[in-house]
Number of protein chains: 2
Amino acid sequence: MKTDMRIVKTKEALHEALLTLLDEKSLETISITELCRTARVNRGTFYLHYGRVEDVFEEYFREITADLAVSYQEPYRHVAVLKTSELDPDTIRIFHHVKKYERFYRIVFSKNVPLQYYYLLFEEVKGLLLTDPEAEVRVGIDAGLFSAYQANAIIGMLLHWCQHDFSYTVDELNRQLVRIVSAGTTGQ
Amino acid sequence: MKTDMRIVKTKEALHEALLTLLDEKSLETISITELCRTARVNRGTFYLHYGRVEDVFEEYFREITADLAVSYQEPYRHVAVLKTSELDPDTIRIFHHVKKYERFYRIVFSKNVPLQYYYLLFEEVKGLLLTDPEAEVRVGIDAGLFSAYQANAIIGMLLHWCQHDFSYTVDELNRQLVRIVSAGTTGQ
DNA sequence: AATTTTATTGAACAGTTGTATAGTAAATGA
DNA sequence: TCATTTACTATACAACTGTTCAATAAAATT
């Protein structure tokens with residue numbers, strides 16, 4: 001059975017209202033009452049679907065992280081983007097993606113926002129690494145631990161990028177990632 | 001001039017009350033009113049020093065991350081703990097530290113908590129890496145970006161550890177880190 | 001010990017939160 | 001098209017939030 005049209009309408013109204021309000025103020029300062037007033041949705045209805053304003057934002061952000069995955073799945077020139085060896089700056093798509101949705105990632109990485117979005121991104125990037133064709137696990141290294149290490153390392157670059165107001169160019173970051181990864185940590 | 005004794009007393013009362021309440025319920029569910037009632041501090045007084053319950057927790061957590069730094073500064077056997085080369089499992093202290101304060105890190109890494117604590121930890125670990133005696137920056141690699149990469153990679157392991165209910169032993173993690181780092185990413 | 005400074009208190013305010021209930025409206029499916 | 005199901009609304013409630021204020025108490029300064 002498909003979802004009730006009324007639910008779709010309610011959610012769309014809340015999504016739209018959230019975007020409108022985000023143009024004026026920060027996510028933390030948007031109250032449920034205010035969001036519902038803007039969306040012309042009863043506050044009780046809100047609680048039927050969500051618990052906090054942040055949950056509405058999360059619904060949005062899931063679509064965005066899905067875009068991240070999609071851009072990797074298309075096999076044209078973006079294959080094996082996060083291959084940790086034989087890494088080519090032109091095949092790395094993650095910085096493009098983040099730049100494209102910079103406005104959202106500024107929110108995701110802002111300090112008063114809950115960790116839930118961070119985990120969403122973390123899981124997404126880990127997933128990309130695990131579907132990496134070169135996933136020949138090294139002996140003695142825990143695969144889960146390793147992908148957590150690698151994925152979060154890249155997110156660390158994103159955090160740094162955001163902290164510096166996204167002032168690096170995408171190409172610059174691609175080159176830096178290649179250097180850091182291919183330099184490894186032993187072969188200085 | 002030193003801080004007023006009344007302020008110290010008020011803050012201690014709030015700290016104590018927060019610990020008491022954290023034994024029973026999660027951080028997000030503790031209201032300002034409840035915290036003040038427990039601490040026997042007027043709610044208006046709370047707003048004189050803090051804005052949210054989380055800010056009281058942050059004050060605590062700062063002491064804990066300070067302990068992380070201290071354990072590295074003592075030059076006995078813990079020197080150069082996060083040296084990225086010549087890494088010895090016995091010199092790595094970060095997993096010991098996190099295990100010691102597991103109760104706090106469970107909160108810091110829980111999904112409804114604001115990113116502010118994460119950044120506190122991120123900055124602390126980055127600081128440890130930057131004071132690394134081996135900080136001979138490789139040519140063409142941005143030092144800030146590199147330490148962000150490395151620091152967050154390690155925190156990625158912590159996230160994974162927490163997600164798996166801290167079931168790895170400290171020694172196991174130390175060994176894994178050594179393997180991951182010293183295997184590098186090129187020399188498969 | 002007396003004076004000045006300032007942290008804390010208690011009270012009050014409008015607005016928000018989370019929850020519940022009964023009535024209404026709209027979508028679904030036969 | 002009609003009956004059934006279910007999402008939505010309006011309203012109400014107690015508790016919490018963020019802020020302000022005059023009064024008080026307790027520090028710091030002389």
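Reminder, nothing fancy here: chain letters follow the sequence lines and each chain counts from 1. Computation of the quantities below employed the complete heavy-atom set of this structure, encompassing side-chain atoms and omitting hydrogens, waters and symmetry-equivalent molecules. Bear in mind the structure is a predicted one, so any value in this text is a computation, not a measurement.
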Euclidean distance, atom [atom1] of residue [X] to atom [atom2] of [N] [Å, nearest integer]:
{"X": "A:I30", "N": "C:dT17", "atom1": "CD1", "atom2": "P", "value": "12 Å"}
{"X": "A:L48", "N": "C:dA27", "atom1": "CG", "atom2": "C1'", "value": "15 Å"}
{"X": "B:K9", "N": "D:dA28", "atom1": "NZ", "atom2": "C1'", "value": "15 Å"}
{"X": "B:K25", "N": "D:dC16", "atom1": "NZ", "atom2": "C1'", "value": "12 Å"}
{"X": "A:Y50", "N": "C:dG18", "atom1": "OH", "atom2": "P", "value": "16 Å"}
{"X": "A:R40", "N": "D:dC8", "atom1": "CZ", "atom2": "C1'", "value": "16 Å"}
{"X": "B:F46", "N": "C:dA11", "atom1": "CZ", "atom2": "P", "value": "21 Å"}
{"X": "B:L21", "N": "D:dC16", "atom1": "CG", "atom2": "P", "value": "12 Å"}

Taking atom types as they are modelled, would you say the side chain of A:R6 forms a donor-acceptor pair with the base of C:dA27 within the 3.5 Å cutoff? no

Of the nucleotides [options], which has the atom closest to the [X] side chain?
{"X": "A:T10", "options": "C:dA27, D:dC8, C:dT8", "answer": "D:dC8"}
{"X": "A:R37", "options": "C:dT16, D:dT17, C:dT17", "answer": "C:dT16"}
{"X": "B:T45", "options": "D:dT9, C:dT8, D:dA28", "answer": "C:dT8"}
{"X": "B:Y47", "options": "C:dT17, D:dT19, C:dT16", "answer": "D:dT19"}
{"X": "B:R43", "options": "C:dT17, D:dT9, D:dG18", "answer": "D:dG18"}

Give the ring-plane orientation class for B:F61 versus B:Y105, where under 30° counts as parallel, over 60° as perpendicular and anything between as tilted.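 Answer is perpendicular, since the angle exceeds 60°.
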
Is the phosphate of D:dA7, meaning OP1 or OP2, less than 4.0 Å from a side-chain N or O of A:H49?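 For A:H49, the contact criterion (side-chain N or O under 4.0 Å from OP1 or OP2 of D:dA7) is not met.
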
Look at the side-chain N and O atoms of B:T33 and state whether any lies under 4.0 Å from the OP1 or OP2 oxygen of D:dA15. no

For A:N42 and B:K11, find the nucleotide of DNA chain C closest to each by heavy atoms; which residue's nucleotide sits nearer the 5' end?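 Result of the comparison: B:K11.
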
Among A:F57, A:F104, A:Y101, which residue meets the ring-ring contact (aromatic ring centres under 6.0 Å, His included) test with A:Y117? A:F57

Toward the 5' end of DNA chain D, which comes first, B:D4 or A:I7, by nearest nucleotide?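 In this pair, the answer is A:I7.
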
Between A:K9 and A:D4, does any NZ, NE, NH1 or NH2 come within less than 4.0 Å of an OD or OE carboxylate oxygen?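 No salt bridge links A:D4 with A:K9.
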
Is the closest side-chain donor-acceptor distance between B:Y50 and B:E59 under 3.5 Å? yes

Contact class for A:R52 vs. all strands (heavy atom < 4.0 Å): base, sugar-phosphate, or nothing? nothing

Does the pair B:N174 and B:Y168 meet the rule for a side-chain hydrogen bond (donor to acceptor under 3.5 Å, both in side chains), with working shown? CA-CA 10 Å; B:N174 282 344; B:Y168 297 81; over 6 Å; no

